Amino acid sequence: MSAYTEGIICVLCINAIAVMGVSLVTGYTGIFSLGHAGYMAIGAYTAAILTARYSFYFIPAIVAGGLLAALIAYIIGVPTLKLVGDYYAIASIGLGEAIRLILENGGTFTRGARGFPGIPNYTNLTVAVCSFVIMAFLMFNLINGRFGRAFKACRDDYIAASLLGYNTAKYRILSLVISGFYCGVAGALLGGFLLYIKPLMFDMMKSTELTSVVVFGGLGSMSGTLLGMVIITLITEVFRPISQYRMLIYGAILVIIMVLRPEGIMGQYEFGPGMFKAIKEKFKGDHYSEEGRKV
Amino acid sequence: MAKKSNQNVLQLENLTKYFGGVPAVNDISFSIEEGKLAGLIGPNGAGKTTIFNLITGVYPPDSGKILFWGEDITYLKTYQAIGRNMARTFQNLRLFPHSTALENVMVALQQHHSYSFIEAITHLGGWGKKEREIKAKSMDILDRVGLADRANQKARTLPYGMQRRLEIARALALEPKFLFLDEPAAGMNPEEVNALNTLILGIHKELKFTILVIEHHMDLVMEICSHIICMNFGTKIAEGNPMEIQSHPEVLKAYLGE
Amino acid sequence: MPVFNIERGESLGILIQQIINGLSLGSVYALIAVGYSLVYSILMFSNFAHGGFLVIGGYICYFVLKDMGAGILIAGFLSLLGAGAAAILTERLAYKPIREKTNNTLYLLIASMGMSIVIENIFVVTIGGRFRALPDIIPTTPIHLSGMATISAFDLISLLAAVVFLSILQLILVKTKWGLAIRAAAYNLRIASLMGVNVNLLISLTFFIAGTLASVGGIFLAVRYTLYPQLGGITIKAFVAAVIGGLGSLPGAVVGSIILGLAEMLTAGFISSQLRDLVVFFFLVITLLVRPQGLFGKDVGEKV
């Protein structure tokens, strides 16, 4: 396998872990975030500092990166996710920017805006693929069970969910913490792959990319998110020559999907036998539109 | 014959709630005995749903007290109140529209058939057994309300009457001891109302829990309830058995006008 | 101790200077935050494309001044009109189809993020990302305050402009029929529509107002920091101001903006200008921890 192909596969695996985290929080739990690149930055810098400066073995360093990102997610989530409204969305922008500013002004500890070089090369093909497989296994298990159903209930109607005995704030915070962990791990892997990180890599544009992939793939579909991520990563590779149009295309895709098909390319379906059953179900039986019902 | 005095499951004491200076519920007191099928009636805007919202902790009362099995639950949050083994349905349906009928029931039923986070992410330990149990019990409940053959249909594509029954199924899945039904017959045709009557009576008889049903169709309430509370403009105007209510002058005035 | 006295006098001068500076910056934030809050109060979503309106207004002003040689009044008028029209267009193209289909505001939020990226990058790919300085349209002559402090005429003018435009908005909201309709819609959009208000027209009007206010803010920001496609990113601070004041509350947006402007300028003057952005997010975190519904926010809840 050529080094280029290996590189692409590593990038796909790292991106996959990050977007699974965002998919959980935005697609499954309905929390819009514009700061998840911030969690990646925390993971990346934690792992970089632990491995490069304190000679940690990479596995505990990656886990520590994920855990610290999860902790920050918890601290931000507790006050904002108890509220109804766009509080988390705005706080997430603030968080992303604040993390960047702190890293840029961190002196010798974070090495400032010029970036952090000399990270050991711990993310090879095996590590990237194994991390992806483990994280995907855990994520798909999580959403196929009581937590997946609870997250979706909180997303679709938080009042109905609380009247089924759910402490909705608790579930939203849990979802955010897990997604913070995923993005932290992805960031840590990214550092070990690029060997160099700088604060500007984790700006709001990066956060927007993560969210747009999730929207493109399908809000509420984990496999759709992964499919969307593969498509967008590969398209980005193909269109590298006209990269100045990249963000314009991203933005336009977001708007067009919301207008035409807000549920994304996969809708809320997951790949598997259930998907075909559900599609079959859709084409038979009565159809009563939501709007048509008597209130 | 000496009748054993039943325990009051639910007891409201001088409950009052204002919305912007207007009393929606004004100094209401009543109690419901264990095992009763009681009705709360009154014209539109009488404050019936507000009472449900106060009991289930959607908002707190301005004054007064709510006792449930003798425990003061006046200021509990919604999920805490529901955790005391009560369940309710909504006047305006609040199903999870994108989930299937089965999932709608499972998400309620899993509250009492839980497993740990570790089991959830690894699918080890009790996961398989519990999931099968949740699914089987949910199917039983769907069967009871006559929706077993619609289990895999998305909730929002179900006909209206079925959506109403799915809400009842979801409430039953919480395995409550006290069920609050908020206008379960709203928007139904007479046939559907009849089927609903049978369903409610069946549930009450078999599962033996206490039910309080809001309705402004007098017929339904008169037919199935043994104890009725009538409200108008936020105050209680009458309380008693169907016979007493039907002939109560205040009730007649409220329903027929002057 | 003469040295001490001089230092004291100087720091008092800096204090006055930074307060005026902060009020001026805060008033520009207020112009942006009020429009954003107005839209939020009616459609209940954060319009992230709001920063785009400000950039559009700024560029219209720039090109009218530069290429058409017009005066500031004409340029300003056209830029207000253009940004207002762009806001209406954004709503019609991106939000209206969504809000007619669903009442999930998450979709609107994502679409607005998309529109914000689109607007910003249209400027990047067409006219490039370089920084452009507006011609000297607003005097920046220093004014000496009895020898204690020196402030810029620009600060006073931007403060004055904000007061004028916000007063006009207040008049519209209180005195006109449409203002009443907007206030009713902010209370409950569905009920307003049941009362016979033409909701689509009302929403367009709201976006127009938001666009014009953003444009005024955009012109002043462009004079202060020069003009570039990413200038709209500064709206984040206006969003933060709106959260501090209480999402959806117009007086809250104004008060929050003034607080932020003062905090930023006082930090820049007395601590370090590198920390002024961090102070903004510090205020955001404190607000969310201590009083998350904001200074003027009402309790967040929903009808059952």
Side-chain angles (χ1 to χ4, degrees), chain A residues 28 30 82 134-135 137-171 174 177-178 181 219-221 263 267-269 274 277-278 280-295, chain B residues 56-58 77-100 103-104 106-115 117 119-124 127 130-131 134 150 152-160 162-163 167 170-171 173-174 186-188:
Chain A
Y28 271 81
K82 279 185 181 160
I134 294 169
M135 299 295 268
F137 173 76
L138 297 177
M139 180 59 82
F140 277 89
N141 281 347
L142 180 74
I143 59 175
N144 282 315
R146 76 175 179 102
F147 286 97
R149 287 189 293 266
F151 290 146
K152 284 203 270 185
C154 297
R155 173 195 67 191
D156 286 344
D157 188 337
Y158 73 94
I159 289 185
S162 67
L163 282 158
L164 294 178
Y166 285 101
N167 180 352
T168 54
K170 202 182 95 184
Y171 278 88
L174 176 68
V177 166
I178 296 169
F181 180 78
L219 287 169
S221 167
E263 61 271 41
Q268 291 199 8
Y269 298 116
K277 223 163 79 190
K280 236 168 68 192
E281 203 73 41
K282 212 175 169 172
F283 285 101
K284 61 167 202 190
D286 332 57
H287 280 269
Y288 287 79
S289 73
E290 227 172 321
E291 289 76 23
R293 79 186 187 206
K294 200 172 165 231
V295 184
Chain B
T56 50
V58 174
K77 293 204 172 86
T78 303
Y79 67 91
Q80 294 167 326
I82 299 296
R84 303 294 194 276
N85 287 319
M86 58 171 90
R88 75 174 272 192
T89 65
F90 299 90
Q91 186 179 347
N92 308 311
L93 292 162
R94 291 198 94 123
L95 292 165
F96 303 115
H98 304 293
S99 301
T100 63
E103 285 168 338
N104 263 283
M106 284 170 82
V107 76
L109 198 113
Q110 68 187 24
Q111 291 284 46
H112 292 293
H113 301 268
S114 203
Y115 45 83
F117 182 73
E119 284 170 325
I121 57 171
T122 57
H123 282 195
L124 297 174
W127 179 82
K130 286 280 189 190
E131 276 289 305
I134 292 168
R150 303 286 188 139
N152 291 316
Q153 202 173 328
K154 295 238 164 167
R156 74 192 151 106
T157 65
L158 288 171
Y160 179 75
M162 291 195 187
Q163 294 197 13
E167 268 226 345
R170 194 175 66 177
L174 284 176
M188 284 186 168

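The shown structure was predicted, so the numbers you read here are calculated from the model rather than taken from an experiment. So you know, we letter chains A, B, ... as the sequences are listed, proteins then strands, and number each from 1.
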What pair of heavy atoms forms the shortest contact from D156(A) to F96(B), and how long is it?
CB-CD2, 3.8 Å
Non-hydrogen atoms of chain B under 4.5 Å away: do they reach the side chain of I178(A), the backbone, both or neither?
side chain
How far does NZ of K77(B) sit from OG1 of T168(A), to the nearest 0.5 angstrom?
10.5 Å
Under 4.5 Å from a heavy atom of chain A, the part of A87(B) involved:
neither
Check: R146(A) side chain, Y115(B) main-chain N or O, donor-acceptor pair, under 3.5 Å
yes
Closest approach of A153(A) to V107(B) (non-hydrogen atoms, all atoms of both residues)
CB-CG2, 3.9 Å
Quick one: does W127(B)'s side chain get under 4.5 Å of N141(A)'s, heavy atoms only?
no
Check this for me, if you would: do R149(A) and E131(B) make a salt bridge, where the nitrogen-to-carboxylate-oxygen distance has to be below 4.0 angstrom?
yes
Taking atom CG of L138(A) and atom NE2 of H123(B), what is their separation to the nearest 0.5 Å?
9.5 Å
When rounded to the nearest 0.5 angstrom, what is the spacing between CD1 in I159(A) and CZ in R94(B)?
4.5 Å
Report the distance from atom CZ of F140(A) to atom CD1 of I121(B), rounding to the nearest 0.5 Å.
15.0 Å
Can you tell me how far CG of L164(A) sits from CZ of R88(B), rounded to the nearest 0.5 angstrom?
11.0 Å
Quick check for you: to the nearest 0.5 Å, what is the distance between L163(A) atom CG and T56(B) atom OG1?
5.0 Å
Ignoring hydrogens and geometry, is there a side-chain-to-backbone donor-acceptor pair from Y166(A) to A108(B) under 3.5 Å?
no
